[in-house]
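Below: the structure, in structure tokens.
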Amino acid sequence: MHYYSTRNEKNVATASKAILSGLAEDGGLFVPESVPSIEVKKLLNMTYRQRAMAVLSDYLTDFTTEEIEHCVNGAYTVEHFGSETIAPVCVVTNQVSFLELWHGPTCAFKDMALQILPYFLTTSMKKQGQDKTVVILVATSGDTGKAALAGFADVEGTRIAVFYPDQGVSKIQRLQMVTQKGDNVFASGVKGNFDDVQAFVKQIFTDKAYREKMNESGFDFSSANSINWGRLVPQIVYYVHAYCEMVDKGEIKLGETINVVVPTGNFGNILAAYYAKKAGVPIGKLICASNQNNILTDFIRTGVYDKNRDFYVTESPSMDILISSNLERLLYHLSDEETVCDLMKHLSETGKYQVSDTLKHRLQELLWADCCDDEETEQMIAKMYAENGYVMDPHTAVGYGVYEKYVTQTGDTAKCVIASTASPFKFNACVSRALGSETDQISEFQLLYNLADKTGLELPVSLKELEQLPVRFDGVVDKDGMYGAVSGFLGI
Ligand SMILES: *Cc1c(COP(=O)(O)O)cnc(C)c1O
């Protein structure tokens, strides 16, 4: 299996090369040359790890079976994910089930990919003859930074440094990062906003002189951001797994079509569902749920992608995004490289593009889109809890709200799996408020305990223990201090 760049099919790579490079040289994203079909019947009554082996083997064709086994067995353990199921499917009503993707170490779905990416990367390094220590640099607005730290902690042959905007992350998110254990990890606040932090990380990545200095000391840079194929491919697994679980539980018959709802930001998670559908998993509509930053809703309905609009800070912050990078991959699969180049050129020059009617119709056949604002999000959390006793985090609640709109507008009552992307405890203030609890003047940790008391849910140990863990990284640098911070961490 080869991978092409979405902007030039002549840029070909093996899986390991695509994973090591992250982005193609022409600025495009790597996509598989074809989507291997999956025979669901063979994957029934299997464990998550067995299903992961089957799916990943189709895509990582330059990895040996032993290498894939090493990756899967290292990442998807009971120790990291709390149970053998790894991603439980929770049937809540006759129509609605939740695919819970947040049982990993950081309580959000990014663990599903970031727990296995370090194994993919180190295996790819060996295959590509990379003998240097790989340094992962991450600019984060919260969730990704912690998930990357947790994934790379103590992974041999790697170092990881995470920079976050000092005033731009929640108290829990900051504590999650600055208390991270491991001998190869580093985190620092930066005086500035997320854009400043990201600009610096880009600058250091492309600084030739600095890279030479690092190379001489036995280091090289790599990236763990969400356009890396190594982050997307593990996400295909859980949609296959979800379908199999629905059959195994007797919720659906083998072959019955289900709809899938995905609360969407960068379009990675929903794109993985697209690959599963294309591989033959009986998935009907892919329902794309957005918050008030509803650029994707508008795009799927009108064919016009326009990022010249207000940016809103919402209760579902991991979806506060105006450029959904992974959309480029879907546009490529539904059209061709010339179209993608043309659209991306318009996007970078004017912040806007419009697709042809043909492409718009293809998108609409596949996807249905709508959005929920914060008020609707809280109403959904309250309603779901009152009617079914199930607690949703705000991102998942956006998904549920959009599902209700879908049913009202289309009358399609096929069974539906909603991707549940974070533990409610990770966004405890919003969830507590929605459930009618007092939140003013109450500390983060007291909110956690109160929410556990109220709902009877078990408080995730990884959040509870934050109160006691020693702070390892209390540094805050200004933008000029970031080079020094990286050099100090690497000892160069
Ligand atoms: C990252 C994230 C999302 C959005 O996922 P994309 O792959 O960017 O679409 C949704 N919910 C949570 C909790 C997240 O952390």
Side-chain angles (χ1 to χ4, degrees), residues 29 87 98-115 117 138-151 164 169-170 172-173 176-177 194 224-239 260-276 286-297 299-300 314-330 367 369 371-372 377 381 391-402 418-428 430-431 460 463:
L29 312 190
F98 289 92
L99 169 60
E100 295 182 347
L101 300 169
W102 41 262
H103 292 273
T106 78
C107 302
F109 95 96
K110 294 196 172 60
D111 290 328
M112 297 302 298
L114 279 163
Q115 282 292 310
L117 181 69
V138 182
T140 184
S141 55
D143 280 348
T144 305
K146 173 60 184 182
L149 283 166
Y164 61 89
V169 298
S170 78
I172 291 242
Q173 284 175 324
Q176 279 190 309
M177 292 187 274
F194 175 62
N225 70 22
S226 80
I227 49 180
N228 192 316
W229 179 251
R231 277 192 58 182
L232 199 57
V233 69
Q235 299 186 259
I236 303 171
V237 175
Y238 54 68
Y239 288 106
V260 168
V261 181
V262 187
T264 307
N266 213 3
F267 211 77
N269 202 359
I270 195 165
L271 184 70
Y274 163 77
Y275 283 115
L286 301 172
I287 299 167
C288 176
S290 300
N291 63 25
Q292 198 182 354
N293 296 295
N294 59 357
I295 188 165
L296 286 166
T297 310
F299 172 60
I300 290 160
T314 73
E315 306 256 39
S316 43
S318 303
M319 293 155 66
D320 291 346
I321 283 180
L322 292 183
I323 296 198
S324 298
S325 319
N326 267 302
L327 184 57
E328 179 170 342
R329 284 190 163 108
L330 183 63
L367 298 156
C371 54
C372 282
T377 303
I381 295 172
V391 189
M392 302 182 295
D393 99 289
H395 302 78
T396 309
V398 168
Y400 179 64
V402 169
I418 299 178
S420 175
T421 53
S423 157
F425 288 107
K426 198 151 188 188
F427 299 93
N428 55 49
C430 168
V431 175
L463 295 182

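All figures in this text were calculated on a predicted structure; none of them were measured in a lab. For reference, positions follow the sequence shown, starting with 1. Every number for a ligand or one of its atoms is a count from 1 in the order of the listing.
- Only side-chain heavy atoms of Asp143 come within less than 4.0 Å of ligand 1; its backbone N, CA, C and O stay farther off.
- Listed by number with element, the atoms of ligand 1 under 4.0 angstrom from any heavy atom of Asn269 are 7 (O).
- Remark: the backbone N or O of Cys107 is not paired with any side-chain donor or acceptor of Lys426 at under 3.5 angstrom.
- Every atom of ligand 1 is numbered from 1 in the order shown, and the set under 4.0 Å from a heavy atom of Gly265 is 4 (C), 6 (P), 8 (O), 9 (O).
- At a 3.5 angstrom cut-off on N or O pairs, Thr421 counts as close to ligand 1.
- Looking at Asn293, its side chain never comes within 3.5 Å of a backbone N or O of Asp320 through a donor-acceptor pair.
- Put simply, the side chain of Ser324 gets close to the backbone of Gly265: a donor and an acceptor are under 3.5 Å apart.
- At distances below 3.5 Å, at least one donor-acceptor pair connects side-chain atoms of Asn326 with backbone N or O atoms of Ser226.
- The main-chain N or O of Ser318 is found under 3.5 Å from a side-chain atom of His395 such that the two form a donor-acceptor pair.
- Contacts between Trp102 and ligand 1, counted as non-hydrogen atom pairs separated by less than 4.0 Å, are absent for every part of the residue.
- Set against the non-hydrogen atoms of Lys110, the atoms of ligand 1 under 4.0 Å away are 1 (C), 2 (C), 3 (C), 14 (C), 15 (O).
- Residue contacts with ligand 1: His395 is placed with no nitrogen or oxygen under 3.5 Å of a nitrogen or oxygen of the ligand (distance criterion only).
- Judged purely by atom type and a 3.5 angstrom limit, Asn294 has no side-chain atom pairing as donor or acceptor with the backbone of Cys371.
- The two residues Phe425 and Pro460 come nearest to each other via the heavy atoms CD1-CD, 3.3 Å.
- Side chains of Arg231 and Asn228: a donor-acceptor N/O pair is absent below 3.5 angstrom, by distance only.
- Annotation for ligand 1: atoms under 4.0 Å from non-hydrogen atoms of Phe109 are 1 (C), 2 (C), 3 (C), 5 (O), 7 (O), 14 (C).
- Close contacts of ligand 1 with Thr264, meaning ligand atoms under 4.0 Å from a residue heavy atom, involve 9 (O).
- Closest to atom 8 (O) of ligand 1, if we only count protein heavy atoms, is Asn266 N, 2.7 Å.
- Within ligand 1, the atoms closer than 4.0 Å to a non-hydrogen atom of Ala422 are 13 (C), numbered from 1 in the order shown.
- The distance criterion of under 3.5 Å between nitrogen or oxygen atoms is not met by Pro263 with respect to ligand 1.
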